[in-house]
Amino acid sequence: MIKSYCMNPSSHTGWTRVIVEKPFGKDLDSAEELSAELGQLFTEEQLYRIDHYLGKELVQNLLVLRFANRLFLPLWNRDNIANVQIVFKEDFGTDGRGGYFDQYGIIRDIIQNHLLQVFCLVAMEKPVSLKPEHIRDEKVKVLQSVEPIKHEEVVIGQYDGYKDDPTVPDDSNTPTYASLVLRVHNERWEGVPFILKAGKALNSRKAEIRVQFKDAPGDIFRCKKQGRNEFVIRLQPSEAMYMKLTVKKPGLEMATEQSELDLSYGMRYQDVKIPEAYERLILDTIRGDQQHFVRRDELRAAWEIFTPLLHDIDAGKLKSVSYEPGTRGPQEADALSKRMGYVQTHGYIWIPPTLSKF
């Protein structure tokens with residue numbers, strides 16, 4: 001109907017741009033069917049597949065951080081990074097959306113799109129330029145380098161009380177929590193696990209990227225047990241970037257503790273209004289800039305990664321373990337992160353700075 005009644009005839013000047021909201025199908029076949037039908041009506045230059053995570057300020061900052069700072073260029077690889085976590089947590093359940101959510105689950109709803117887009121920007125190689133096609137070319141390359149997901153590197157969970165929703169089947173295996181490992185088979189990332197975690201009804205609400213570096217060799221301060229260096233990018237709420245460091249504890253003794261170098265946007269940019277993600281992306285559409293939108297081959301590569309796993313979950317080959325609402329999620333997920341080499345810092349909590357402190 002849009003094609004028939006809302007587009008200018010080709011003889012007229014002007015442009016047509018169609019924003020397509022997710023879900024872009026439920027698996028590879030349905031996504032390809034949707035892409036084929038849209039492709040018969042509109043050119044790829046007219047299609048803007050929107051993922052609002054690509055409109056978030058800190059997500060858009062990833063390319064600048066990685067490729068405009070000499071500090072990160074030699075560090076961002078398998079020689080220095082032990083593991084990467086990309087985390088999405090909500091402190092509420094499906095809240096009346098159970099019937100819809102049960103058709104999709106947390107992997108389709110969050111991980112296959114939002115977290116995978118963040119993964120691309122963390123793991124991709126430097127593009128030739130900032131032209132949209134050059135950036136999207138690199139995202140496709142890194143997606144095509146991802147190895148098949150192993151069942152033993154996946155934990156799925158469902159919070160107690162999820163099936164109390166009358167719109168949810170009593171025998172539902174749909175995960176409301178998932179933690180899984182992506183492995184990139186290339187020179188930069190061979191051997192580095194990327195742990196993608198998302199869940200509902202957890203103990204907090206946040207989305208963040210956590211890049212954990214390897215231990216410093218020759219630990220003369222015997223401070224390894226305190227924790228590793230971590231570069232954390234807090235996407236929401238309280239947008240911030242901070243680097244966890246080991247420093248000398250103030251006082252007479254040569255003791256160490258964990259602290260941070262902190263860039264909190266609420267403090268540093270007090271008079272700046274950070275645009276909403278959709279606000280930014282709709283403006284990009286008006287400008288004809290497709291940099292922060294999903295290309296057809298990128299969508300296909302994303303579904304190729306997740307479709308085998310999703311079909312196995314749908315077939316009951318992987319079972320959701322239960323977890324209590326208001327907790328960190330299944331204990332098996334923490335065990336998976338530990339098995340992947342993640343070292344949790346005990347006794348350190350990042351506290352967003354406030355004006356009252358100064």
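Just so it is clear, the model here is predicted, and its values are computed rather than measured. Atom set for the values below is all heavy atoms of this structure, side chains included, hydrogens, waters and symmetry mates excluded.
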Next on the checklist: Taking the ring of Phe231 and the ring of Phe213, is the distance between their centroids below 6.0 Å?
Outcome noted: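 No.
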Between [X] and [Y], does any side-chain donor sit less than 3.5 Å from a side-chain acceptor?
X      : Y      : result
Glu21  : Tyr278 : yes
Asn83  : Gln212 : yes
Asp289 : Tyr48  : no
Lys206 : Gln236 : no

Less than 4.5 Å apart, side chain to side chain, heavy atoms only: is that true for [X] and [Y]?
X      : Y      : result
Thr94  : Tyr162 : yes
Ser322 : Gln158 : no
Thr174 : Ile156 : no
Leu47  : Phe293 : no
Met340 : Val181 : yes
Lys319 : Asn173 : yes

Check whether more than 12 heavy atoms from other residues, nucleotides or ligands sit under 6.0 Å from atom [atom1] of [X], and answer yes or no.
X      : atom1 : answer
Lys248 : NZ    : yes
Glu152 : CD    : yes
Arg339 : CZ    : yes

Checklist entry - If two hydrophobic side chains count as joined below 4.5 Å and joins carry through other members, does Val140 share a cluster with Val184? => result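 As far as the 4.5 Å side-chain criterion goes, Val184 and Val140 are not connected within one cluster.
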Would you list the atom pairs, donor with acceptor, under 3.5 Å between side chains in residues 144-151 and any protein atom, with sequence neighbours excluded?
{"from": "Ser145", "atom 1": "OG", "to": "Lys141", "atom 2": "O", "distance (Å)": "3.0"}
{"from": "His151", "atom 1": "NE2", "to": "Asp312", "atom 2": "OD2", "distance (Å)": "2.7"}

Item to check | Under 3.5 Å donor-acceptor, Glu32 side chain and Asp29 backbone | outcome: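 Between the backbone of Asp29 and the side chain of Glu32 there is no qualifying donor-acceptor contact (under 3.5 Å).
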Checklist entry - With no hydrogens and no angle check, is any side-chain donor or acceptor of Ser129 less than 3.5 Å from a backbone partner on Lys131? => result yes
Pairing of [X] and [Y] as salt bridge, 4.0 angstrom limit:
X      : Y      : result
Arg234 : Glu208 : yes
Arg188 : Glu125 : yes
Glu153 : Arg183 : yes
Glu253 : Lys249 : no
Lys139 : Glu298 : yes

Checklist entry - Mind checking what makes salt bridge (charged side-chain N to carboxylate O under 4.0 Å, His left out) contact with Asp297, not counting sequence neighbours? => result Arg295
Item to check | Listed partners of Arg328 passing side chain to side chain contact (heavy atoms under 4.5 Å, CB included), at least two apart | outcome: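 Applying side chain to side chain contact (heavy atoms under 4.5 Å, CB included) to Arg328 gives Asn203, Asp334, Gln344.
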Checklist entry - side chain to side chain contact (heavy atoms under 4.5 Å, CB included) with Ile2: which residues, sequence neighbours excluded? => result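 So Ile2 forms a side chain to side chain contact (heavy atoms under 4.5 Å, CB included) with Cys6, Phe42.
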Checklist entry - Taking only residues at least two apart or on different chains, which pairs with a member in residues 298-326 satisfy ring pair (Phe, Tyr, Trp, His ring centres under 6.0 Å)? => result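 Ring pair (Phe, Tyr, Trp, His ring centres under 6.0 Å) check on residues 298-326 returns Tyr177-Tyr323.
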Checklist entry - What heavy-atom pair brings Val155 and Ala333 nearest, and what distance separates the two atoms? => result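 Closest heavy-atom pair between Val155 and Ala333: CG1-N, 4.0 Å.
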Checklist outcome for this item: For residues 104-117, the salt bridge (Lys or Arg N to Asp or Glu O under 4.0 Å) pairs (sequence neighbours left out) are Lys22-Asp109, Arg108-Asp314
